[in-house]
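First the structure, in the form of structure tokens, and then the observations on it.
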Amino acid sequence: MFEEQMGVTAEEYKTKFVVSLGNDFNIGPLFGTRFSVMNFQDVFTSHPSLRIPWYMAVGDYYKPEGHILYANISEYLIMPAPYFTKKILLPSGGSIDIVFLHTKTLLYDQVQVQWLERSLANNTANWCITVGHHLPENQLRDLLLPLFLQYGVDAYIYGHDYVGQYSEDAGVAYIENGVGGCSQGLPKIQDQALWTRLDYDGFILHRVSTLQMEFMFMDTKGNILERIIIQGKKKARSR
């Protein structure tokens with residue numbers, strides 16, 4: 001199972017946190033607390049090295065209320081709201097701003113759109129990474145890409161389709177991992193995809209410094225299937 005190898009990899013690389021891209025597991029607002037705790041902790045944090053913060057994006061199979069309620073009692077899961085930001089300080093100095101989106105509602109949620117623009121405008125970190133569940137195509141791309149370009153977003157990380165994929169659009173990196181131990185059907189493939197794999201279950205290991213971001217697509221045996229490096233700036237942005 002991919003979570004077993006995730007634990008081994010997290011121990012080897014001393015992973016500090018996990019970012020989940022939605023539809024990891026279902027927690028409805030009517031489910032009991034015991035079910036929620038068993039569901040998450042017994043599977044995803046069974047390895048000691050995975051007992052670290054898990055920042056969660058909202059998927060499309062459920063409403064976020066259940067996850068938010070569970071996050072209030074969970075030792076590891078973090079979802080304070082359907083969309084939120086998190087600043088991560090880098091050991092070598094500098095920081096990452098991670099902006100979590102509720103992409104299922106973004107197109108018709110003007111409040112979230114305004115919040116997103118404010119969050120991106122206020123970013124002064126070395127890296128600005130956005131996280132959502134859905135593929136950035138059609139109307140969602142038309143909404144997001146101008147904001148990404150205006151405010152210097154470096155990458156968008158997402159899931160949804162059952163594929164591992166890397167692409168670029170107008171200088172923005174798009175990293176998809178919708179696999180997570182489940183492979184069914186054929187996903188949509190972006191025309192501009194530079195790398196795609198349909199035949200594995202796995203996860204992505206991210207290594208970030210002030211100078212570069214490294215993304216390693218790994219399978220359930222810990223093999224690195226693809227390594228992508230994005231060069232950054234030596235000092236934080238100022239606007």
Side-chain angles (χ1 to χ4, degrees), residues 1-26 39-61 76-77 88 96 98 100 103 127 129-137 154-169 172-209 212-231:
M1 294 294 288
F2 78 98
E3 65 270 10
E4 296 173 359
Q5 184 58 49
M6 276 185 66
V8 173
T9 300
E11 182 176 14
E12 178 181 355
Y13 287 90
K14 297 180 173 57
T15 301
K16 302 302 182 184
F17 62 94
V18 177
V19 171
S20 291
L21 306 177
N23 292 352
D24 309 271
F25 58 99
N26 272 327
N39 192 26
F40 178 75
Q41 292 188 177
D42 285 2
V43 175
F44 290 98
T45 62
S46 57
H47 194 287
S49 294
L50 293 179
R51 294 169 192 165
I52 53 182
W54 285 65
Y55 299 101
M56 312 293 291
V58 179
D60 57 2
Y61 290 157
Y76 309 110
L77 187 147
I88 303 293
I96 315 167
I98 307 178
F100 291 82
T103 53
W127 299 98
I129 300 173
T130 51
V131 175
H133 180 66
H134 290 91
L135 181 76
E137 62 178 355
D154 297 290
Y156 175 65
I157 303 175
Y158 62 103
H160 190 62
D161 286 337
Y162 301 106
V163 62
Q165 186 167 265
Y166 174 77
S167 60
E168 296 177 1
D169 190 358
V172 180
Y174 292 87
I175 299 98
E176 178 175 14
N177 184 25
V179 185
C182 179
S183 181
Q184 53 180 307
L186 292 176
K188 298 177 182 177
I189 304 298
Q190 290 175 284
D191 292 338
Q192 68 268 32
L194 301 177
W195 178 84
T196 300
R197 283 290 292 265
L198 306 178
D199 59 343
Y200 84 105
D201 292 335
F203 54 93
I204 304 175
L205 176 66
H206 307 263
R207 302 175 70 187
V208 184
S209 70
Q212 68 180 31
M213 288 195 293
E214 182 178 15
F215 306 93
M216 288 178 276
F217 288 82
M218 306 186 76
D219 66 14
T220 56
K221 296 181 180 179
N223 299 311
I224 299 174
L225 304 180
E226 181 71 4
R227 185 192 307 265
I228 295 159
I229 296 176
I230 301 172
Q231 301 297 333

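Starting from 1, each residue takes its place in the sequence as its number. Side-chain atoms are counted along with the backbone in the values below, which use heavy atoms only and exclude waters and symmetry mates.
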Side-chain heavy-atom pair [X], [Y] within 4.5 angstrom cut-off:
X: Val131; Y: Phe100; value: yes
X: Ile228; Y: Phe217; value: yes
X: Val19; Y: Ile157; value: no
X: Ile224; Y: Leu205; value: no

Any donor-acceptor pair under 3.5 Å linking the side chain of [X] with the backbone of [Y]?
X: Thr103; Y: Gly132; value: no
X: His206; Y: Phe215; value: no
X: Trp127; Y: Ser209; value: yes
X: Thr130; Y: Ala155; value: yes

If every non-hydrogen atom of [X] is compared with every non-hydrogen atom of [Y], which pair is closest and at what distance?
X: Ala10; Y: Leu50; value: CB-CD2, 3.9 Å
X: Leu21; Y: Tyr158; value: CD1-O, 3.1 Å
X: His47; Y: Gly7; value: CE1-O, 3.3 Å

Gap between atom [atom2] of [Y] and atom [atom1] of [X] - 0.5 Å precision:
X: Ile52; Y: Lys14; atom1: CD1; atom2: NZ; answer: 13.0 Å
X: Ile98; Y: Tyr55; atom1: CD1; atom2: OH; answer: 7.5 Å
X: His134; Y: Tyr156; atom1: NE2; atom2: OH; answer: 8.0 Å
X: Met6; Y: Ile204; atom1: CE; atom2: CD1; answer: 10.5 Å
X: Met213; Y: Ile129; atom1: CE; atom2: CD1; answer: 4.5 Å
X: Gln165; Y: Ile175; atom1: CD; atom2: CD1; answer: 11.0 Å

Just jot down the side chain to side chain donor-acceptor pair (under 3.5 Å) partners of Thr9, sequence neighbours excluded, or say none.
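Applying side chain to side chain donor-acceptor pair (under 3.5 Å) to Thr9 gives Gln5.
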Under the side chain to side chain donor-acceptor pair (under 3.5 Å) test, residues paired with Arg227 that sit two or more places apart:
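Arg227 satisfies side chain to side chain donor-acceptor pair (under 3.5 Å) with Glu214 only.
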Can you list everything that forms a ring-ring contact (aromatic ring centres under 6.0 Å, His included) with Tyr13? Sequence neighbours excluded, please.
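Per chain and number, Tyr13 pairs via ring-ring contact (aromatic ring centres under 6.0 Å, His included) with no residue.
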side-chain contact (heavy atoms from CB on, under 4.5 Å) between Ile230 and Asp154: does it pass, once the steps are laid out?
CA-CA 9 Å; Ile230 301 172; Asp154 297 290; 5.8 Å; no
